Each structure stands twice: as structure tokens, then as C-alpha cells.
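Chain identifiers are assigned alphabetically (A, B, ...) following the order of the sequence lines, protein sequences preceding nucleic acid strands; residue numbering begins at 1 within each chain. Computed from a prediction, not measured in an experiment: that's the story for all the values here.
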Amino acid sequence: MDNHELADKFDAIADLLEIKGEEIYRIRAYRRASEGLRSHAVDAQDLQERGELEEIPGVGKAIAEKIDEILRTGDLDFYERLTAEVPPTLLELLDVENVGPKKAARFWNELGVVTLEDLEEAAREGRIREMDGFGAKSEGKILEAIDAYKKHDHTRILISEAKGLAVEFVRRIRALDGVVEVEVAGSLRRLKETIGDLDIVVAATNPQKVIDSVLAFPEIKKIRAQGDVKVSVLLSNELPLQLWVHPPDRFGSALQYATGSQMHNVRLRELAQKGGLSLSEHGFMREDETEINCAEEMDVYAALGLPWIPPQLREDRGEITAALADELPELVSSDDIRGELHAHSDWSDGKVSIEEMCSAALERGLSYLAITDHSRSLNIAGGLSIEDLKKQREEINRVQRRMGDKLKIFQGAEVEILREGGLDYPDSVLAELDIVIASLHMGLRQPREEVTARILGAIENPYVDMIGHLTGRLIGRRDPADLDIEPIFRAAADRGVILEINSNPERLDLKDIHVRRALELGCLTAINTDAHHPDHLDFRPFGIGTARRGWVEGRSVVNTWKFKEVEKWLKRKSRS
DNA sequence: GCCGTTTTCGGCCCGACTGTTTTCAGTCG
């Protein structure tokens, strides 16, 4: 059972306890433990073996014992007893909009509702409107919400798609009368790998007018809630959009609030409390009821004695403690990137010639580019034979002469890690290449031991410089390979093998928490685009975002180095 | 149930919005 499955279990426990009417702080403790598990890159299994389960933030003695029991026996007695009291099917009801634990408990106790179907039936039969505090309107809303829940699949969208939508909204809102500032907030601003809703914050002199104008946008399908400072709608593509409109002197507070994360904000409010302040989306309230308004987001942090915290760090993963100690990382940024170390040409499955890729790299201000086409076994991608590689070297030499010193080209390959282990070219061929990326595309579903051993074997090969998109996941489409991450990172650190942070928004592989763990263990990374087309070079901001979420500073990213340094590093390596 | 530059016990974030209410509970982020 992995950390995510454990987290799901504790979330279920929290929900069941809440339906049961348990004390709220105990419930929150389970939720925090769940968050801690999701944010922790080291498997609970590993921590259990070392007796270090309480290292996970939010996990104390009692929850550590529960994790231990689940890992040892596969079951949890506490959970079994809990579900004997509260039917676990009630958890389905919580997925219905505006149905929470209190209502679920009442439907259960007063109407005998246990499943979603029961609830729908009760609503259709008009039994909900009979309950105290309910009416025909709330009954209708429940039916509508059940219908909506059944109809669409609630999958989060890719960050690239969300960004496109948000940019367009921001452009149109900015053009509205009285609008002073517009910013994207929420998980998109934090550059999370997937996005569940769009959050946009507006500073305007006439908030109500702005809200009215936005509500008239044609792609708004449904208004979910509408007030003086906030509106929540559903777009025609089923994505929720939330809009906050505040006067300019409160814009900083509103932006900070809407950016989140939820847990980061909770921590900030706790900190404010200790300083005798109360923090909300409007600003700070002092104990004497006077206010501190924040026009800039930085003012919010400053009032708490903190430096501004970059949005990508705001996940309650230790950033506030680091800020208090003035130990925030100097995060890598797009400006730091000097080259691309993973790109394809039409020699394999890339869409354009080597020369066109080079021109595109140059246009984007890069000073070096590695052409790393697929190796011979990847037939579907037109992998190169050993003979092809030699011809490609000649072509690269020709293009290099034309490019002069403006752009330096490495000849590399993205070499298959074969199903049975080993690499797709013999060492004698690998030795001739400037850079070797080893990647998995086949046999991703092998058992953990086998697939982990293949990666470890690649890392041990003296000619391998980098592991590409380690887990092979495609977000929302293909699960990551079942890898034992910890020994892989230790071996990569030991052998000086670079771990790629793949910027393709479908991959983002390594993911944020793995990036952070890799760094802790002393690994080098490279933020690559894996471009198969010139346009793909523009994926990089997503990889940068993932790196920043992994607390990456510039120096540990190899493609922030100058060409000479990278060249020297790669040569040193292939002789080791 | 967790946790500690005021605490090993006593705290634990905050407000907008809705539907049902004559003052508020529940949900959401």
C-alpha cells in the first residue's frame, strides 16, 4: 500500500468520523496526516522498517500505529469498527455538491439513506423537503447536483490547458471598465501538475459592475454562487471558475488568499493569531479591531515578519518554517536555463529537421541543444540503427558548421532500457555519443523489483548520463511504473547520473515531491522539454514550475550551466 | 489526534455565500 492509498484511507476515516459527529480537532488531525502522507516522497513502508513513521508531518503515535497495522496486516481494526457503525457508502454522498457530513448524517438518520441511489430516490419522492431546515429549493438542488455528478467525470485538467483558458479570461477581464489589476491565483498560480478549477483575482474600483460583466461571458454555463466580492460559476467545459473582486487597496490580501494552498493559509492564520492578528481575505484585523490592508501580496507576508514566499512553495511543506528562519531557497527560474538536453528531430519521431530544431532553440535564447533521437528498438518512433547514428553525426557536424558558435549541438540518443534489462546500443556505440539519456518506454507494467532493477542497471552503465522521464507516467492516461524510488535516487546521486525533470505537461516526470527528495539525496537534475517539435520548447515553464515546487535552486540543474561546463561534465563522466 | 521561540496540556483559521430562517447552520475554499 503506497502513501496515496494510505492517505485515502485516513481521509475516509476523517469523513466517517465527521458523519458520526466526532470532535472536529480529531478529524482535522486525520486530514493533516493524510496531507502529510501525500506530500512525503519516502514510502511509508521504508519509514516503517526504520521506525520513523512519525517523521511524516501530522503523524503522531496513534496514527503511526495505524499505518503500521495497515502495512503489516493489510487491514485496520479501527476502520473496520468504524464502518460497522457508519456505512462507508455514505461517503458517496459527500461527492454531491453542497452535501457535507452534517447533511449526510441527517439523510442517513432521518430517511434511512445509505447510498447515492437512496438519496436520489428520497429527493424524487419529496421526502427531503419534509425535513426541518430543508425546502423544495434545496431538494431540487440536490437532484441537480446528483445529475451533474453522474454526468461528468471530475477529472482535473492538464496545467497547459488551464493556462490557455486562464490567459484568455484574464485578457478579457483586464479590458473591462474600472479594472485595475487581474491575476491568476489558485493551483494554476502555484503551478500544480493538474488543475481542478480556475481562480482569478481582480482589483477594481467598481466590483459589482465587474462581476456583472463577467457573468455575461458566453462560456459561463451556470452560476453556482454570487455575492458582493465573489462569484463562483461553472464553465461550459464543466470547469469551475472562481472570481474575487476587491478594491485595489485589498488586492494583495485577496490574491494571497485565493492563491492558497488551503493548508498554507491555515498555517499563516495560525501564525497571525500568535501575533495577536486575525488574517482573512480582506487583510489583517488587530485585536483593537483596526485593520491592516494589503495592496501588495508582499505586505501580507511582511506583516507576519516573513519574506514573500513564492507561490510554488505554498503547500505547507515546511515553507513557513523556512521563511521564519530566512532559509527559503533561491528558486530556479526560466532565465537561468541556457540549453536543452533532450530533443528529437525527424531522424526519429520529431516533426522537423535538426537544423530547424537548432534555429528554434536559438530563437529561444538557448546556447546549446542536444539532439537525442530514439534508439533502434523503439520501432514505433522510428528509432535509429547504429548506421543511422553515424550518418546523423555527419549531419549534425554540417549543421554545427552553419550555426557557428551561436548554438552548440550535442549528439545524443534517448536509449531504450530494454524489457529484459540492459540498453539498446552496445557500450562501444554509447561511448561515441556526446550525451546518453536512458529511458523506459516498454515494460512499464513489470513488477516493482524487475522494473526498478532495469533502472538501476541503466544508472550503473558508465556511459549513461541521464535518466529521462523516470516513471513513464502520462498524467490522467497512464500510471507511473511501480518503482522503488529511494534506491534509484541514491544510486543516481552516487554515480552522478542526472535525473530529468520532463517539462511536457502530460509527463512532469519527475514530479514535485520526487524532485525535492532527489535534491535532498544530492542528485543533479536537468529541466528538459523532450521537444518533438519547435513549439514544444515552450513547455519549459511547466518543468520550471515543477522544479520550483521541488525547491530546486539553480546550481543543481545541469542545463543552467554554461556549455563548456556541461561539455566538461559529460566527458568526465563517460570515462568513469 | 497532534504539537511546542509564551505550552508535554490546552490549544487548534476564517469569512463568503445559500437556504432556511427571524438569527443561523452548513458548505466551501
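dT23(B) sits 26 Å from dC28(B) when the P atoms are compared, rounded to a whole Å. Separation of the C1' atoms belonging to dT20(B) and dA25(B) is 9 Å when rounded to the nearest angstrom. Taking atom C1' on both dG15(B) and dG10(B), the two are 25 Å apart, rounded to the nearest angstrom. Between dT6(B) and dG11(B), the two P atoms lie 16 Å apart (nearest whole Å). For the C1' atoms, the distance linking dC9(B) with dC14(B) amounts to 25 Å, nearest Å. Using atom P as the reference point in both dG4(B) and dT8(B), the two lie 13 Å apart (nearest Å). The separation of dC12(B) from dC17(B), taken at their C1' atoms, amounts to 25 Å, rounded to a whole angstrom. For the P atom pair drawn from dG1(B) and dT5(B), the interatomic distance equals 23 Å after rounding to whole Å.
Minimum atom distance to the side chain of E270(A) is reached by dC12(B), of the listed dG15(B), dT20(B), dC12(B).
Atom CD1 of I488(A) is separated from atom CG of L483(A) by 4.5 Å, given to the nearest 0.5 angstrom. Taking CG of L243(A) as the reference point, atom CD1 of I220(A) lies at 8.5 Å (rounded to 0.5 Å).
Residue Y257(A) places a side-chain atom within donor-acceptor reach of the base of dG29(B), judged by atom type and a 3.5 Å distance cut-off alone. Side chain Q262(A) to base dG29(B): a donor-acceptor pair is found below 3.5 Å.
Between the NZ atom of K137(A) and the P atom of dG19(B) there is a distance of 4 Å, given to the nearest Å. Rounding to whole angstrom units, CD1 of residue I223(A) and P of dG19(B) are separated by 12 Å. Atom CG in D132(A) sits roughly 16 Å away from atom C1' in dT23(B) (whole-Å rounding). I67(A) places its CD1 atom 13 Å from the C1' atom of dG1(B), with the value rounded to the nearest Å.
Using a 4.0 Å heavy-atom distance criterion, K61(A) is classed as a sugar-phosphate-only contact. Nucleic acid contact class of D197(A) (heavy atoms, under 4.0 Å, all strands): none. Among the heavy atoms of the strands, none lies under 4.0 Å from I24(A). Heavy atoms of S278(A) sit under 4.0 angstrom from primed sugar atoms or phosphate atoms, though from no base atom. As judged by a 4.0 angstrom heavy-atom cut-off over every strand, E23(A) is placed among the base-contacting residues.
Place A33(A) and E97(A) on DNA chain B by their nearest nucleotides, and A33(A) ends up nearer the 5' end.
With salt bridges taken as basic N to acidic carboxylate O contacts below 4.0 Å, one links E97(A) and R224(A).
Checked by atom type and distance alone, the side chain of Q312(A) never pairs as donor or acceptor with a backbone atom of G545(A) at under 3.5 Å.
Taking a pair to require two hydrogen-bonding distances under 3.5 Å in either a Watson-Crick or a G-U wobble arrangement, dC14(B) pairs with dG29(B).
Only one option out of R28(A), K102(A), R31(A), K103(A) pairs with E18(A) in a salt bridge (charged side-chain N to carboxylate O under 4.0 Å, His left out); it is R31(A). Of the options D2(A), D316(A), D8(A), D512(A), a salt bridge (charged side-chain N to carboxylate O under 4.0 Å, His left out) to R38(A) is made by D8(A) and by none of the others.
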